[in-house]
K.L.:
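Shown below is the structure under consideration.
Lettering of chains follows the sequences in order, A, B, ..., and the numbering in each one begins at 1.
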2 protein chains.
Amino acid sequence: MARTTPDGAPSRSRLPARTTDRAPLSRPVVVEAAIAYIDAQGLPGLTMRSLGQSLGVEAMSLYRYVNGREDLLEAVVDHLVGRLRLDPADELAPADGWQGYLQWLAHGVRALAHDHPNAFPLVATRHPAAPWLRPPLRSLDVVEDFLGALTSRGFSDEAAVAAYRAFSSFLLGHLLLEAASRGASTAPVEEPLDEGDADVPQDDTDLRDYPQTERLRELLSQNHDDEEFEVALESLLDRLDLLVSQ
Amino acid sequence: MARTTPDGAPSRSRLPARTTDRAPLSRPVVVEAAIAYIDAQGLPGLTMRSLGQSLGVEAMSLYRYVNGREDLLEAVVDHLVGRLRLDPADELAPADGWQGYLQWLAHGVRALAHDHPNAFPLVATRHPAAPWLRPPLRSLDVVEDFLGALTSRGFSDEAAVAAYRAFSSFLLGHLLLEAASRGASTAPVEEPLDEGDADVPQDDTDLRDYPQTERLRELLSQNHDDEEFEVALESLLDRLDLLVSQ
DNA sequence: ACCTGAACACCGTTCAAGT
DNA sequence: ACCTGAACACCGTTCAAGT
């Protein structure tokens, strides 16, 4: 009764493969479909039912591969963070030292945030599995790489742990803000539902009572994320350098 | 029919004031009740129905004072951030200069995160009203204070805006992590629902394959949030000092 | 083995109706 | 003016039943 109407959206045309021939379901397929859905429609739109629909299947089928919605979101985070592993084949930093590793890692996490701005808040805000894991470097594999890379390159145990904490804070602060501004443009727009009594377009906020903000609005709107990230990263590396040399 | 049983919880004993005499509803009362509820029960538990119950009222009554759930959450954020206003009566920084203001503001936001760890993620992750507002300093009033305080103390326009951005990233990174670790302990525990096939207590994660992490687990579990925050704040102020003096 | 229908206990939200 | 009952369109999740 509730499902008489097909929800308005022409879901059939969105995904060519449907009831007839579709990829066999599996946990990775489900997780990757969830990521694709979040990228395209935003996190709030992801529903067991909508995800099932995007796979040409009823929602209940997903419970074969995923232990409920929370488990699905956890798997999404793990899948995304997984690409931050050190590849042993990569001769990443023979001479670059720990600075090279941290540069590589920082830009890797940043690329992740840029590629999946709607999913990054998940990486950044979900409670990690262990209390000593900190977002966004929230997988044991990545932390193991991190600690090994630093301790094998001159960091004491204490310095490596301190670096892990400082590095996490740095990445979280910068990338969550970047992802938020990018995610806003990607998110599906709300219905305008015209305001009945408004009389003017009012395309920007009214800044009558905020002279400083009004005067600096131009500057505030400019985007310098790239430079700011690089400058702050350099500053952090300089700060960490003090931990090594002492 | 759905409401025959009182949901199990003895809600009557939780809040003494109920159907007989209760505070008259108003928007501030509703918003403060929402904050209290989030503090006590966590964000996921906050529901129009549960909030109504905590006020001794049906959920539908809330729609008189609040424009739906999203509007309620926005009001919660505004209410919390409101306490970061510069009090004109406070003779805060006659001689302390901009460093004194930023110190005051940083510790104010930190106190906010500590007092409301379950609500801080809301402050940190909700899309701000204007694109040039950045969490957690996401109110026009606070930004106006910020820009005025800095430009009147030697910052150029460009430097003041750059400081706003760097300061926001700093606060977000450090305080969201702190709030997450505190919020985890406050959150209402899930039902244990015993695992059928597990054979051992397994009170900590199995770190067999993670030698570095295992070796450093003690260090990783130690909490140095206070010092780390102060050290990073000092470092940021030093960095901003370069913007002023040039 | 894999998927589905039907059902249950929830949500947010609207609106006519009560007092 | 303020609150509520009933209803609607959604959720996540379970489970017996289908193929």
Side-chain angles (χ1 to χ4, degrees), chain A residues 1-9 11 17-31 33-34 37-38 41-76 188 190-191 193 196, chain B residues 1-9 11 17-31 33-34 37-38 41-76 188 190-191 193 196:
Chain A
M1 196 172 287
R3 319 226 55 246
T4 323
T5 56
D7 268 80
S11 63
R18 259 183 67 86
T19 61
T20 144
D21 58 336
R22 66 175 176 235
L25 251 43
S26 69
R27 189 171 165 101
V29 165
V30 169
V31 171
Y37 195 98
I38 294 172
Q41 310 288 337
L43 187 54
L46 180 72
T47 246
M48 298 303 281
R49 287 168 152 100
S50 67
L51 178 57
Q53 188 175 233
S54 87
L55 285 163
V57 113
E58 298 298 315
M60 311 83 188
S61 312
L62 302 175
Y63 287 84
R64 290 236 132 225
Y65 309 97
V66 140
N67 235 331
R69 185 171 201 263
E70 288 301 293
D71 181 50
L72 171 64
L73 295 182
E74 211 58 52
V76 162
E190 309 261 327
E191 301 278 300
L193 67 90
Chain B
M1 199 172 287
R3 317 227 54 246
T4 323
T5 57
D7 269 79
S11 62
R18 258 184 68 87
T19 61
T20 146
D21 58 337
R22 66 178 176 232
L25 250 45
S26 70
R27 189 171 166 101
V29 165
V30 169
V31 171
Y37 195 98
I38 295 171
Q41 310 287 336
L43 188 54
L46 180 73
T47 244
M48 297 304 281
R49 287 168 152 98
S50 67
L51 178 58
Q53 187 175 234
S54 88
L55 285 163
V57 114
E58 298 299 315
M60 312 81 188
S61 311
L62 303 175
Y63 287 84
R64 289 236 134 226
Y65 308 97
V66 141
N67 235 333
R69 185 170 201 264
E70 288 302 293
D71 180 50
L72 171 63
L73 294 182
E74 212 58 54
V76 163
E190 308 260 328
E191 300 278 300
L193 68 90

K.L.:
Can you give me the closest heavy-atom contact between B/D71 and B/R27, atom names plus distance?
P.N.:
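Smallest heavy-atom distance, with atoms named: OD2-NH1, 3.0 Å.
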K.L.:
In whole Å, what is the span from the CZ atom of A/R69 to the C1' atom of D/dT14?
P.N.:
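Nearest whole value for this atom pair: 18 Å.
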K.L.:
Can you check whether B/Y65 has a side-chain N or O nearer than 4.0 Å to OP1 or OP2 of D/dC3?
P.N.:
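So the side-chain polar atoms of B/Y65 do come within 4.0 Å of the phosphate oxygens OP1 or OP2 of D/dC3, strictly under.
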K.L.:
Going by heavy atoms in the side chains, are B/L73 and B/L46 under 4.5 Å from each other?
P.N.:
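Touching, per the 4.5 Å side-chain cut-off.
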K.L.:
So A/L55 and A/V29, do their side chains get closer than 4.5 Å, heavy atoms only?
P.N.:
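In contact.
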K.L.:
Measure across A/G45 and A/S50 and return the closest heavy-atom pair with its distance rounded to 0.1 Å.
P.N.:
O-OG, 3.0 Å
K.L.:
Looking only at heavy atoms, which two atoms of A/A34 and A/L72 are closest? And how far apart?
P.N.:
CB-CD1, 4.0 Å
K.L.:
May I ask which nucleotide in the shown strands pairs with D/dA6, Watson-Crick or G-U wobble, both distances under 3.5 Å?
P.N.:
C/dT14
K.L.:
Is A/S61 near enough to C/dT4 that one of its side-chain N or O atoms lies under 4.0 angstrom from OP1 or OP2?
P.N.:
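The answer is yes; a side-chain N or O of A/S61 sits under 4.0 Å from OP1 or OP2.
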K.L.:
Which whole-number value in Å describes the distance from B/L55 CG to D/dC2 P?
P.N.:
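My rounded result for the distance is 15 Å.
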K.L.:
Starting from P on C/dT13, measure out to CG on B/L51 and report it in whole angstrom.
P.N.:
13 Å
K.L.:
Round to a whole Å and report the spacing from CG of A/N67 to P of D/dT13.
P.N.:
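To the nearest whole Å, that distance equals 9 Å.
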K.L.:
Please classify the nucleic acid contact of B/T47 as base, sugar-phosphate, or nothing, using heavy-atom distances under 4.0 Å.
P.N.:
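Sugar-phosphate contact only - B/T47 comes under 4.0 Å of backbone atoms but never of a base.
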K.L.:
Using whole Å, what does the distance between atom P of nucleotide D/dA7 and atom CD of B/E58 come to?
P.N.:
15 Å
K.L.:
Report the nucleotide, chosen from D/dT14, C/dT13, D/dC3, that has the shortest atom-to-atom distance to any side-chain atom of B/L25.
P.N.:
D/dC3
K.L.:
Rounded to whole Å, please give me the gap between CG in B/L72 and C1' in C/dT13.
P.N.:
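Roughly 14 Å, once rounded to whole Å.
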K.L.:
Tell me the partner of D/dT19, counting only Watson-Crick (N1-N3 plus N6-O4 or O6-N4) or G-U wobble (N1-O2 and O6-N3) with both under 3.5 Å; none if nothing fits.
P.N.:
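Its partner is C/dA1 (Watson-Crick or G-U wobble, both distances under 3.5 Å).
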K.L.:
By the 4.0 Å heavy-atom rule, please label B/M48 as base, sugar-phosphate, or nothing.
P.N.:
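B/M48: backbone/sugar contact only, no base atoms under 4.0 Å.
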K.L.:
Under 4.0 Å between any heavy atoms, over every strand shown, what does A/R64 touch: base, sugar-phosphate, or nothing? Just pick one.
P.N.:
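The answer is base, as A/R64 lies within the cut-off (heavy atoms under 4.0 Å) of a base atom.
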K.L.:
To the nearest Å, give me how far apart CG (B/L62) and C1' (D/dA1) are.
P.N.:
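The distance from CG of B/L62 to C1' of D/dA1 comes to 16 Å, rounded to the nearest Å.
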K.L.:
Between C/dA16 atom P and B/M60 atom CE, what is the distance in whole Å?
P.N.:
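It works out to 15 Å between those atoms.
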